[in-house]
Amino acid sequence: MIAITEQNHAAGRAFDSVAEAYDGLFTNSLIGRAQRSVVWKRAAALFPAGSRVLELNCGTGEDAAFLASRGVAVTACDVSARMIEQAQQRRVVEGGGGSVEYHVLPSEQIDELPSQQFFDGAFSNFSGLNCVSDLSDVAGQLAKRLRPGAPVLFCMSTRFCVWEMLYYLAKLDTKRAFRRCKGISRARLGPEAFSVYYPLLHSVSRSFQPFFRLRSVTGVGVFVPPSYVEAWAERHPSLLRLCEKADAIVCRWPVVRVLGDHMLLHLERV
Ligand SMILES: C[S@@+](CC[C@H](N)C(=O)[O-])C[C@H]1O[C@@H](n2cnc3c(N)ncnc32)[C@H](O)[C@@H]1O
């Protein structure tokens with residue numbers, strides 16, 4: 001187990017500063033909903049009612065609430081105390097069935113969960129794992145908590161997002177257009193800067209070996225654009241729906257599936 005790092009502190013403080021606005025900016029946006037619906041479809045198929053799922057970087061708890069409403073018992077963790085507060089408030093306001101337990105905990109410290117807690121699956125949505133510098137350390141800790149055959153579903157930002165490159169190149173902003181291509185960039189939320197990592201698919205898969213095997217990869221946001229194009233989506237809802245239909249066709253195609261905004265990895269505990 002590793003100690004909480006300056007990177008954890010920085011990411012935690014950064015997401016603290018946007019926790020209250022996060023649902024308005026992303027969760028409830030047309031694009032956020034379109035991208036999340038792809039993840040929910042896979043999550044619903046992999047995590048049946050009655051299973052116990054560990055959710056890493058749960059943010060404001062949108063996915064935990066979804067899984068709990070389907071009878072999944074969720075242990076939801078996030079490094080940002082304000083995000084966890086938002087998630088807890090959501091449960092109070094919205095109610096909702098099922099069971100969710102919250103922990104302010106970085107993904108790098110899964111070992112700190114109570115030692116008797118084991119899970120039937122694990123889940124991480126929308127790039128929380130892109131804030132982790134050493135995925136193999138997370139893999140080792142996660143492996144100790146999962147039974148053989150347990151499904152794991154991770155949605156991570158890709159290294160190459162064609163939409164992003166074209167969008168920023170059209171604005172002559174080459175720095176933003178290629179910000180992911182080096183594999184690491186500095187992001188800023190509020191006053192706080194932190195590192196974001198963009199590992200390639202084979203590198204993520206390697207980090208999770210030998211404990212996990214990759215079962216499938218689905219592109220999320222190939223034609224559907226990144227969330228900062230929300231104003232366009234609001235002006236053209238029928239085009240967005242067309243993009244969703246196009247994504248449903250191409251999302252499993254080799255190469256294409258890792259050129260969108262996110263890639264959805266289904267792994268399995270060996
Ligand atoms: C883009 S948000 C996604 C939130 C949520 N999963 C969703 O789908 O809306 C990324 C989340 O990752 C969390 N995060 C970043 N680094 C983390 C770390 N090292 N451990 C745990 N959570 C982390 C942030 O606090 C933030 O809530």
Side-chain angles (χ1 to χ4, degrees), residues 1-29 31-40 42-43 53-68 74-90 100 102-113 122-139 141-142 152-158 184-190 192-199 207 220-221 226-228 261-265:
M1 205 245 326
I2 58 171
I4 193 160
T5 62
E6 184 44 37
Q7 158 74 4
N8 291 149
H9 281 304
R13 283 193 302 264
F15 281 97
D16 276 351
S17 73
V18 295
E20 269 177 50
Y22 182 83
D23 284 344
L25 291 173
F26 181 68
T27 312
N28 299 325
S29 66
I31 290 174
R33 293 239 164 265
Q35 292 204 13
R36 198 181 293 275
S37 71
V38 178
V39 179
W40 277 5
R42 292 295 290 149
V53 168
L54 173 62
E55 184 182 3
L56 305 175
N57 50 262
C58 66
T60 55
E62 179 78 356
D63 298 319
F66 167 73
L67 290 171
V74 185
T75 296
C77 307
D78 199 286
V79 71
S80 157
R82 299 294 301 278
M83 283 291 202
I84 291 290
E85 261 172 47
Q86 292 294 316
Q88 287 171 322
Q89 275 170 26
R90 164 202 299 272
V100 187
Y102 300 97
H103 295 272
V104 178
L105 188 78
S107 304
E108 295 88 334
Q109 295 185 9
I110 294 168
D111 277 350
E112 287 193 2
L113 286 168
F123 179 59
S124 160
N125 204 1
F126 291 132
S127 313
L129 286 178
N130 291 85
C131 302
V132 169
S133 60
D134 182 1
L135 285 176
S136 56
D137 178 61
V138 173
Q141 294 186 49
L142 190 57
V152 169
L153 192 63
F154 292 154
C155 181
M156 298 180 67
S157 293
T158 57
I184 177 170
S185 76
R186 293 292 282 172
R188 181 171 288 282
L189 289 175
E192 202 67 50
F194 60 103
S195 297
V196 182
Y197 306 88
Y198 298 98
S207 298
V220 178
S227 54
Y228 44 75
D261 195 17
H262 295 97
M263 55 185 178
L264 183 62
L265 279 61

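As the structure lists them, so they are numbered: ligands from 1, and atoms in each ligand from 1.
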inquiry  = Can you name the atoms of ligand 1, numbered from 1 with element, that are less than 4.0 Å from a heavy atom of Glu108?
reply    = 18 (C), 19 (N), 20 (N)
Atoms in ligand 1 flagged as close to Ser107, the criterion being non-hydrogen separation under 4.0 Å = 18 (C), 20 (N), 21 (C)
ask   = Only one of Gln86, Arg90, Arg36 forms a side chain to side chain donor-acceptor pair (under 3.5 Å) with Glu62, so which one is it?
value = Arg90
request  = Provide the number and element of each atom of ligand 1 under 4.0 Å from a heavy atom of Cys131.
outcome  = 15 (C), 16 (N)
message = Can you see whether His262 engages Ser127 through a side-chain donor-acceptor pair at a distance of less than 3.5 angstrom?
response = yes
Contact atoms of ligand 1, heavy-atom distance to Asp63 under 4.0 Å = 8 (O)
message = Treating Glu55 as the side-chain partner and Ser124 as the backbone partner, does any N or O pair qualify as donor plus acceptor under 3.5 Å?
response = no
query = Under 3.5 Å between some N or O of ligand 1 and some N or O of Glu55?
reply = no
query = Does some non-hydrogen atom of Tyr22 fall short of 4.0 Å from ligand 1?
reply = yes
request  = Look only at interatomic distance and state if Ser127 has a nitrogen or oxygen under 3.5 Å from any nitrogen or oxygen of ligand 1.
outcome  = no
inquiry  = Which of the numbered atoms in ligand 1 are under 4.0 angstrom from any heavy atom belonging to Met83?
reply    = 27 (O)
task = Keeping the roles fixed (side chain from Ser29, backbone from Gly32), state whether a donor-acceptor pair exists under 3.5 Å.
result = yes
request  = With heavy atoms under 4.0 Å as the rule, classify the contact between Thr27 and ligand 1 as side chain, backbone, both or neither.
outcome  = neither
message = Students often mix this up, so state it plainly: with edges at 30° and 60°, are the rings of Phe126 and Phe26 parallel, tilted or perpendicular?
response = perpendicular
query = Between Phe15 and Tyr22, is the gap from one ring center to the other below 6.0 Å?
reply = no
Side chain to side chain donor-acceptor pair (under 3.5 Å) assessment of Asn57 paired with Asp78 = CA-CA 4 Å; Asn57 50 262; Asp78 199 286; 5.8 Å; no
ask   = Which atoms form the tightest heavy-atom contact between Val39 and Cys155, and what is the distance?
value = CG2-SG, 4.1 Å
key: Mode of Cys58 contact toward ligand 1 - side chain, backbone, both, neither (heavy atoms, under 4.0 Å)   = backbone
key: Contact partition for Phe126 relative to ligand 1, non-hydrogen atoms under 4.0 Å   = both
query = Less than 3.5 Å between some nitrogen or oxygen of Val79 and one of ligand 1, yes or no?
reply = yes
task = Run the numbers for me: atoms of ligand 1, each under 4.0 Å from some heavy atom of Arg36, listed by number.
result = 7 (C), 8 (O), 9 (O)
ask   = So, Asn28 versus Asp23: side-chain donor-acceptor pair below 3.5 Å or not?
value = no
query = Taking only heavy atoms of Asn57, which atoms of ligand 1 are found under 4.0 Å from at least one of them?
reply = 4 (C), 5 (C), 6 (N), 11 (C), 12 (O), 13 (C), 14 (N), 22 (N), 23 (C)
query = Below 4.0 Å from any atom of ligand 1, is there a heavy atom belonging to Asp78?
reply = yes
query = So, does Glu192 use its side chain to make a donor-acceptor pair with the main chain of Arg13 at under 3.5 Å?
reply = no
